[in-house]
Number of protein chains: 2
Amino acid sequence: MARTQGSHSEITGPKLREAARSLFARYGYAAVSMRQIAAEVGVQAGALYNYIPDKQSLLFDLMKTHMDELLIAYDGHMRDGAPIDQLKQFVGFHIRYHAERPEAVFIAYMELRNLDPGNFAQIEALRRNYEARLEEILKAGVESSAFQVPDTRIAAMALIAMLNGVNTWFREGGRLSMAEIETLHWDMVRKGVLA
Amino acid sequence: MARTQGSHSEITGPKLREAARSLFARYGYAAVSMRQIAAEVGVQAGALYNYIPDKQSLLFDLMKTHMDELLIAYDGHMRDGAPIDQLKQFVGFHIRYHAERPEAVFIAYMELRNLDPGNFAQIEALRRNYEARLEEILKAGVESSAFQVPDTRIAAMALIAMLNGVNTWFREGGRLSMAEIETLHWDMVRKGVLA
DNA sequence: GTTTGATTTGAACAAGTGTTCAGTTAGGGT
DNA sequence: ACCCTAACTGAACACTTGTTCAAATCAAAC
């Protein structure tokens, strides 16, 4: 046996990333073997190394891609407006965007410790970049006296932590719809930062 | 070689749990081997099995102990009072208690997926128990019209997520003291739930 | 129809996994 | 001084780990 029927890098490549994303999210990077990933792809473990240099790079690639796409999507989503409006946009965007890709989100903050130092630094920088965008909104709101926030950095971290919480328990078809959850959270965020 | 000088179960037992807690927190349950733990304890891997039936039980024991102690400490800490005062007590307790044992906290919510189903159910029940205590405070506040919280369950989850966030970035000797962080968070929580 | 290059297999590698246990030594009571 | 048992070693078990690579087979271009 060797090359199999219908084999194509444009099929196997994405399949590999999807399988890795799914398995890493469910069982964790360290607990998933290359052979498990290969089985999910429908291939032998050796074949995976046509697509990745090693397991670590696979993890990094998933996290890097996720963070890059997050920042691009955010920048494409935001419209100008008063700080209060921008904050509302942020909350809505964050909750929806993260709810739509729970696996990538889960990996991006659960597997940080499994990154090599250099890779970790890169992901960390992207994360800080995203956090800074929220802090800028808060700063603008404080400057215009729309918000009363004693420490914008802490507030940004606290708000993101709160919004991230949604991903730990939200399941499609549960008691509340995504829109209701969004409203409830926007309510708390708004009141929490208001002057 | 066999039994070593000064060997005692009252020393090795706790040492084992401390080593496991430290290593699991840093590298993750799946990434840490029994031999690594044994090396940290200063013993061969086989000796660990005088103290635990298997690796899984070690993880479960750490998590169960943490959750039990959390609930006991909480019940011992709380004093009667108006909902607003109880909420303030909760916020202070939660932030401080968790900041004092970052490793156990980290494990307790990062390693949930590495628990066997039965073990998972137990830890999950304890966690829900803790969350319910906060929700009770919120409910009481809504009933007395002190709080304006449309959905107490979601609010409880959101607030805990926000408070848990502190543990991801707080380091002793940083820009802010624990007391300042407490104040800042209490400010946001208070405003977020106020009528 | 032939050739070229892309793609996968299957076996191999050395190292590491959790766990067990017979054998050995130290601690503590008598 | 003796004995018992608590505590540990060190080797072994069967298996899994990430990764490499020659050989085999398919896809596609000519």
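Below, chain A is the first sequence line, B the second, and so on; all start at residue 1.
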Main chain of A:Arg153, side chain of A:Asp151: is a donor-acceptor contact present, judged purely on distance under 3.5 Å? yes
Can you list every side-chain hydrogen bond (donor to acceptor under 3.5 Å, both in side chains) pair that touches residues 95-105 of chain B, not counting sequence neighbours? B:Arg96-B:Glu182
CG of A:Leu59 versus C1' of D:dG18: gap in Å, rounded? 15 Å
Strictly below 4.0 Å: does B:Ser9 bring a side-chain N or O up to OP1 or OP2 of D:dA6? no
Contacts of B:Gln56 and B:Gln5 projected onto DNA chain C by closest heavy atom; the upstream (5') one is B:Gln56
Establish, with yes or no, whether the OP1 or OP2 oxygen of D:dC8 is under 4.0 angstrom from a side-chain nitrogen or oxygen of B:Thr12. yes
Taking the minimum atom-to-atom distance to the side chain of A:His8, which one of D:dA27, D:dA24, C:dG27 wins? D:dA27
Determine the interplanar angle of the A:Trp169 and A:His185 rings, folded into 0 to 90°, and report it as parallel if under 30°, tilted if 30 to 60°, perpendicular if over 60°. parallel
Check if the side chain of A:Arg3 and the base of C:dA6 share a donor-acceptor pair of N or O atoms closer than 3.5 Å. yes
Rounded to whole Å, the CG-P distance (A:Asp54 to D:dT20) equals 8 Å
Rounded to whole Å, the CG-C1' distance (A:Leu16 to C:dT7) equals 14 Å
With no hydrogens and no angle check, is any side-chain donor or acceptor of B:Gln86 less than 3.5 Å from a backbone partner on B:Glu136? no
How many Å lie between NZ on A:Lys15 and C1' on C:dT7, as a whole number? 14 Å
Is there a residue in residues 33-51 of chain A whose heavy atoms reach under 4.0 Å of DNA chain C, and which residues are they? A:Arg35, A:Val43, A:Gln44, A:Gly46, A:Ala47, A:Asn50, A:Tyr51
Is a side-chain N or O of A:Thr168 found less than 3.5 angstrom from the main chain of A:Gly165, in a donor-acceptor match? yes
Can you measure A:Tyr27 atom OH to D:dT17 atom C1' for me and round it to whole angstrom units? 18 Å
Identify which nucleotide among D:dT9, C:dG28, C:dT7 has an atom closest to any side-chain atom of B:Thr4, counting heavy atoms from C-beta outward. D:dT9
Are a donor atom and an acceptor atom from the side chains of A:Thr65 and A:Asp68 found within less than 3.5 Å of each other? no
